[in-house]
Protein chains: 4
Amino acid sequence: MRVGVLTGGGDCPGLNAVIRAVVRKGVRTHGFEFVGYRDGWKGPLEGLTMELGIQECRGILPRGGTILGSSRTNPFKIDGGVEKIKENLAADGVDALVAIGGEDTLGVATKLADLGVHVVGVPKTIDNDLSGTDFTFGFDTAVNIATEAIDRLHTTAESHHRVLVVEVMGRHAGWIALHAGIAGGASAVLIPEQPFDIEALCQQVEDRFKTRYAPIIVVSEGAVPAEGGDMTVASGEKDAFGHVRLGGIGDRIANEIEQRTGKEARAVVLGHIQRGGTPTAFDRWLATRFGLQAADAVADGDWGTMMALRGTKIIRVPLSEGTAELKVVSPEEYAEAQVFFG
Amino acid sequence: MRVGVLTGGGDCPGLNAVIRAVVRKGVRTHGFEFVGYRDGWKGPLEGLTMELGIQECRGILPRGGTILGSSRTNPFKIDGGVEKIKENLAADGVDALVAIGGEDTLGVATKLADLGVHVVGVPKTIDNDLSGTDFTFGFDTAVNIATEAIDRLHTTAESHHRVLVVEVMGRHAGWIALHAGIAGGASAVLIPEQPFDIEALCQQVEDRFKTRYAPIIVVSEGAVPAEGGDMTVASGEKDAFGHVRLGGIGDRIANEIEQRTGKEARAVVLGHIQRGGTPTAFDRWLATRFGLQAADAVADGDWGTMMALRGTKIIRVPLSEGTAELKVVSPEEYAEAQVFFG
Amino acid sequence: MRVGVLTGGGDCPGLNAVIRAVVRKGVRTHGFEFVGYRDGWKGPLEGLTMELGIQECRGILPRGGTILGSSRTNPFKIDGGVEKIKENLAADGVDALVAIGGEDTLGVATKLADLGVHVVGVPKTIDNDLSGTDFTFGFDTAVNIATEAIDRLHTTAESHHRVLVVEVMGRHAGWIALHAGIAGGASAVLIPEQPFDIEALCQQVEDRFKTRYAPIIVVSEGAVPAEGGDMTVASGEKDAFGHVRLGGIGDRIANEIEQRTGKEARAVVLGHIQRGGTPTAFDRWLATRFGLQAADAVADGDWGTMMALRGTKIIRVPLSEGTAELKVVSPEEYAEAQVFFG
Amino acid sequence: MRVGVLTGGGDCPGLNAVIRAVVRKGVRTHGFEFVGYRDGWKGPLEGLTMELGIQECRGILPRGGTILGSSRTNPFKIDGGVEKIKENLAADGVDALVAIGGEDTLGVATKLADLGVHVVGVPKTIDNDLSGTDFTFGFDTAVNIATEAIDRLHTTAESHHRVLVVEVMGRHAGWIALHAGIAGGASAVLIPEQPFDIEALCQQVEDRFKTRYAPIIVVSEGAVPAEGGDMTVASGEKDAFGHVRLGGIGDRIANEIEQRTGKEARAVVLGHIQRGGTPTAFDRWLATRFGLQAADAVADGDWGTMMALRGTKIIRVPLSEGTAELKVVSPEEYAEAQVFFG
């Protein structure tokens with residue numbers, strides 16, 4: 001059997017570990033041949049291929065990013081896209097596809113599977129917001145990087161009696177903020193699922209200064225103030241070099257705290273360093289096991305399934321289960337650690 | 001309510017995170033007072049106490065070790081030990097105990113619970129070999145440290161065309177070796193559950209050198225050769241300084257490979273660096289959640305229970321479940337990643 | 001003798017290592033007593049003191065920040081400030097001061113020394129821009145953090161065929177950018193000392209994409225475009241959440257590259273994580289040796305001197321030498337590594 | 001001009017950074033062509049070559065080890081070795097050699113230069129014991145790894161009231177032990193240059209336990225007891241698995257302390273993890289600058305020179321200067337930090 005592999009969406013530590021495991025298991029146990037499709041769905045759409053065998057996968061386990069490249073191309077948004085993919089797969093002699101990606105990439109995979117394409121999916125999201133699996137790889141790496149950053153910021157906050165606001169990834173789900181906030185000993189964690197009350201937050205800041213510790217506030221990039229939360233729009237301020245320094249929600253909150261409490265506040269936006277570089281051991285282990293299972297799923301002809309972690313087992317669930325709805329932080333999960341916050 | 005807390009057995013990254021969470025949740029939500037017992041069961045046995053409140057727990061989240069100290073004291077092996085503990089608890093006005101520890105410490109807790117002492121347990125083992133919970137804290141830290149060491153050793157092995165044998169912790173269970181071996185891209189993983197065949201191992205070593213990569217072999221300290229495996233006893237050799245260099249199973253395997261294959265082989269014994277220092281984000285998060293749940297278990301009077309991770313939930317199981325038998329690597333789990341080995 | 005110690009200006013990994021070394025050497029070898037002044041020059045100005053002995057310094061060596069706190073208070077800008085300091089020193093029975101700080105803090109120390117106050121200085125700047133010393137502590141830590149971030153970003157840049165612009169500290173001197181750029185394998189390094197040509201930079205970006213590697217551009221926060229460099233003012237753009245995303249020079253360059261080359265470009269601003277947290281071994285070693293030497297300088301009554309590294313030796317130079325002019329990157333030093341850039 | 005490059009002796013983080021810089025500068029600035037010789041002096045001796053150009057050097061900057069491989073082959077110990085090298089260089093059309101290595105490799109280079117071979121040297125030693133240069137690359141990485149290990153061990157030592165002995169590299173010079181001991185806050189540092197008094201050491205251990213901190217002793221692998229120091233020969237003891245656990249000086253000291261003081265003591269031997277893996281920013285910067293300078297030295301025909309760091313400058317010194325005698329820790333340097341020890 002000839003199997004194509006592609007990676008789509010934002011990069012994520014562990015992608016290469018999945019690729020390596022699929023290929024190793026596929027070649028050694030099942031006798032598959034592999035074709036690498038470049039740059040997500042763009043690969044099968046435009047016939048962009050690369051050699052992919054055990055040799056190409058040597059040494060990639062600890063490397064971030066993806067040797068296959070990635071893109072956000074969606075063949076369903078392109079006229080004749082799906083047909084083009086089917087033609088290219090046929091032309092390449094490819095019988096099955098392993099699609100590694102997040103909501104969008106797996107959404108495409110789900111529809112293609114419905115149209116009869118032989119595809120299995122491997123879930124990938126830094127944000128950990130895919131349903132059907134306990135965790136996705138990349139998330140543990142992101143949380144560790146954010147936690148190390150928070151560790152570093154504590155001493156700065158204390159030495160300068162200053163508030164530090166750390167903006168982490170998480171557009172729709174606050175998992176990174178919640179886990180890194182708990183692990184880093186944050187004073188407050190603000191997530192998209194729970195609109196925040198800026199006044200209550202400022203009160204927490206003032207209370208925190210009554211201990212000898214300074215507050216660290218961890219905020220998801222997608223966090224929003226509660227309605228009526230009267231946040232001053234930070235705009236137009238310039239820094240020492242004449243640049244306008246505004247930024248996202250982290251900057252706005254820092255600015256707001258400074259204005260309301262009179263305490264110095266600074267924002268740090270972790271950005272892309274959360275998603276690059278070598279994966280943690282957990283993510284390499286999880287990604288590897290997803291890859292091994294995906295090769296078996298192909299061998300079993302178990303099309304339309306997605307690999308998932310449940311407890312310590314890797315299982316297969318319908319692709320639709322993973323992409324039906326976002327996994328967000330529940331009120332109970334958010335409440336669990338509230339004794340540390342405020 | 002007045003609650004005692006103790007930590008027993010070998011130290012483990014995350015112990016302080018548990019202590020902090022129990023105290024924070026206990027004080028803030030349940031209005032408990034706390035007493036710290038020093039040095040494991042020796043504390044309540046000899047009446048060694050320390051102040052333990054929110055203040056004492058500030059700043060300890062990222063710190064390895066345990067602020068309470070530890071020991072391997074077993075009150076059931078001491079004449080009148082149990083009575084002494086009961087007397088001291090009564091004298092200190094302590095109504096309940098939170099015991100944080102491994103097989104031995106929780107074994108004592110189980111028996112004390114049977115004798116009517118109000119005790120809840122928090123499982124702790126670097127080796128991850130306690131039943132009833134998906135993972136224990138400290139394990140992820142140990143695996144990451146071992147994986148980073150393996151990452152470092154790859155380039156040395158390749159530059160010198162040399163075999164490197166990495167001995168990791170794991171007396172009775174091979175979890176650290178298995179996870180770090182998968183995550184580090186090892187060529188072979190030897191665990192206590194599966195006696196190894198030294199001849200087959202040497203064959204793998206020679207095959208590996210046919211690629212341009214040099215072999216890294218990860219071995220649990222408790223790994224043993226299969227019966228009849230004719231290992232030369234390494235003994236009496238001296239190094240450049242006249243010291244006898246023998247060591248444990250790692251050294252013996254390196255020595256054996258060198259003699260059988262003619263390839264240079266060296267052992268690295270990671271030892272205590274696997275169990276010290278700051279916990280990973282995962283371990284801080286898990287330890288914190290165990291602590292929060294333990295405080296609730298005390299509030300609920302749910303004596304004789306142990307905190308456990310199942311999937312992403314923290315649940316309570318009977319203490320006896322955690323201590324009844326060791327959780328070891330099953331043949332299926334060992335086989336899962338065999339495509340990378342050999 | 002009774003000796004006061006203070007730390008001023010921005011925090012910097014290694015401050016606690018200096019404090020610990022001054023105290024240990026002062027007490028053990030010279031029999032000094034110590035007084036900690038809180039929050040930089042604000043301490044002696046307002047009489048804010050704390051206990052400072054060997055006990056207070058235990059465990060602080062690996063900790064970032066400063067146990068003494070810091071501020072940017074300048075007594076020469078306060079009416080009667082200098083007199084107030086002299087009075088407080090006298091009232092506290094303090095015969096000599098060890099002032100640890102950067103240009104501003106040591107500038108005050110220089111003037112106070114001229115006015116007869118017994119003071120020795122220890123140079124501190126993340127930016128490494130103090131004259132008279134080969135390196136300052138904190139710099140090596142900042143460079144390592146920036147280098148690790150660049151390491152992480154390479155794989156993201158490559159996977160997404162994207163330009164990444166990394167903004168690092170350095171208002172007036174480009175040392176962090178230069179060292180991290182060399183160590184991280186950047187495609188370009190932009191520093192305050194050398195106004196950059198945005199057109200040439202965009203050309204480099206396009207050339208880089210002809211290899212299979214994507215460009216990483218490291219830029220000091222104080223870098224400026226060459227005159228006539230026609231940079232579009234990035235303003236008013238909004239992100240997915242409706243926040244204005246503008247930021248400093250890093251953001252502006254990323255925006256400009258995207259507009260001119262059509263390649264996706266993103267900025268990462270490392271900010272405060274460069275200055276917090278545990279110091280590297282080099283910084284702990286350097287800071288410790290500065291502290292030891294400072295205690296000896298006090299014992300020798302060598303007032304008005306500053307500790308400095310020359311090669312591998314710690315020497316003393318006049319405070320004025322360290323504060324007379326900024327140490328910037330020379331054109332030769334900038335040119336040295338140009339073969340990697342462009 | 002056609003230039004050969006080789007790396008000899010033990011591997012060391014930064015070797016690849018040197019290779020990359022020599023090649024980049026040589027090709028871009030001087031128009032050289034390069035030949036890679038494999039496995040140290042074995043390469044030109046046996047005519048083992050590999051392609052070496054800008055392409056081969058992409059991505060190697062952060063990688064440990066050496067893409068050229070290494071060996072300890074000495075052509076002066078092989079009949080006709082030198083002639084063979086001359087013949088092979090001529091056959092390969094190689095006009096000049098860049099030899100990267102330690103005492104042995106550069107010793108060969110020195111003699112070859114005397115015999116008219118066009119060679120320049122780049123000093124390499126983890127141990128930092130080459131004369132003529134302030135620091136060698138690889139040393140900073142080793143010191144950081146040792147320091148991180150010590151950081152981790154502190155909490156274990158304290159939690160268990162246990163002595164931990166950390167054996168680090170350093171056969172003839174104690175630089176790694178001294179720097180890591182200072183940076184890690186060790187209680188004692190034992191180096192080859194200063195035979196240690198086991199009785200005084202045990203006294204220090206007992207004094208240390210009077211504080212609440214437990215002792216960490218850092219010892220160079222080449223440290224030796226003072227004459228008459230009556231150390232029990234540790235021999236024949238077996239561990240829980242029946243293996244003889246003896247080892248080097250670290251194990252012997254731990255054993256001795258345990259017997260003399262009754263305190264539990266354990267040794268950790270860091271071994272090869274000190275020399276593998278990614279270099280620190282300092283080592284990448286230093287190695288890169290050595291490489292740049294070496295390319296210029298070749299262009300200048302400055303044969304028989306070795307690159308060296310003096311302060312912040314890279315200079316050239318005669319090869320003989322670097323290899324004439326070992327750079328060891330002077331009594332003054334050892335004494336400098338004694339206030340922390342004991």
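Convention: sequence-line order gives letters A, B, ...; per-chain numbering from 1. Predicted model only: the values in this text are computed from it and were never measured.
With a 4.5 angstrom heavy-atom cutoff, D:His161 touches chain B only via side-chain atoms. Contacts between B:Thr278 and chain D at a heavy-atom distance below 4.5 Å involve backbone atoms as well as side-chain atoms. No part of D:Ile150 comes within reach of chain B, as not one of its non-hydrogen atoms sits under 4.5 angstrom from that chain. Contacts of D:Asn16 with chain B are absent, with no heavy-atom separation under 4.5 Å from either backbone or side chain. Neither the backbone nor the side chain of B:Leu15 has a heavy atom closer than 4.5 Å to any heavy atom of chain D. For D:Ser71, no part lies near chain B; criterion is any non-hydrogen pair under 4.5 Å. If you measure heavy-atom distances from B:Arg162 to chain D, the contacts under 4.5 Å come from the side chain alone.
Between chain D and the residues B:Ala149, B:Gly64, B:Ala267, B:Gly271, the largest count of heavy-atom pairs under 4.5 Å involves B:Gly64. Ranked by heavy-atom pairs under 4.5 Å with chain B, the first of D:Gly65, D:Gly10, D:Gly276 is D:Gly276. Of the listed residues (B:Ile145, B:Thr7, B:Leu164), the one with the most heavy-atom contacts under 4.5 Å to chain D is B:Ile145. Contact count against chain D (heavy-atom pairs under 4.5 Å) is highest for B:Ser70 among B:Ser70, B:Gly69, B:Gly40. Put simply, of D:Val166, D:Leu68, D:Leu270, D:Asp39, the one with the most heavy-atom pairs under 4.5 Å next to chain B is D:Asp39.
The closest side-chain heavy-atom distance from D:Phe139 to D:Asp127 is not below 4.5 Å. Taking the side chain as every heavy atom from C-beta outward, D:Thr156 and D:Arg152 never approach each other to under 4.5 Å.
For the pairing with D:Val165, the side chain to side chain contact (heavy atoms under 4.5 Å, CB included) check across D:Val268, D:Val219, D:Val269 returns one residue only, D:Val219.
Closest non-hydrogen pair, D:Pro192 versus D:Gly170, comes out as CG-O, 3.7 Å. The minimum heavy-atom distance between D:Ala157 and D:Pro215, with the atom names listed, is CB-O, 4.5 Å.
No salt bridge links B:Glu258 with B:Lys263; every basic N to acidic carboxylate O contact stays at or beyond 4.0 Å. Between D:Glu264 and D:Arg266 there is a salt bridge, with a side-chain nitrogen of the basic residue lying less than 4.0 Å from a carboxylate oxygen of the acidic one.
In this structure, SG on B:Cys12 lies 5.5 Å from NZ on B:Lys124, to the nearest 0.5 angstrom.
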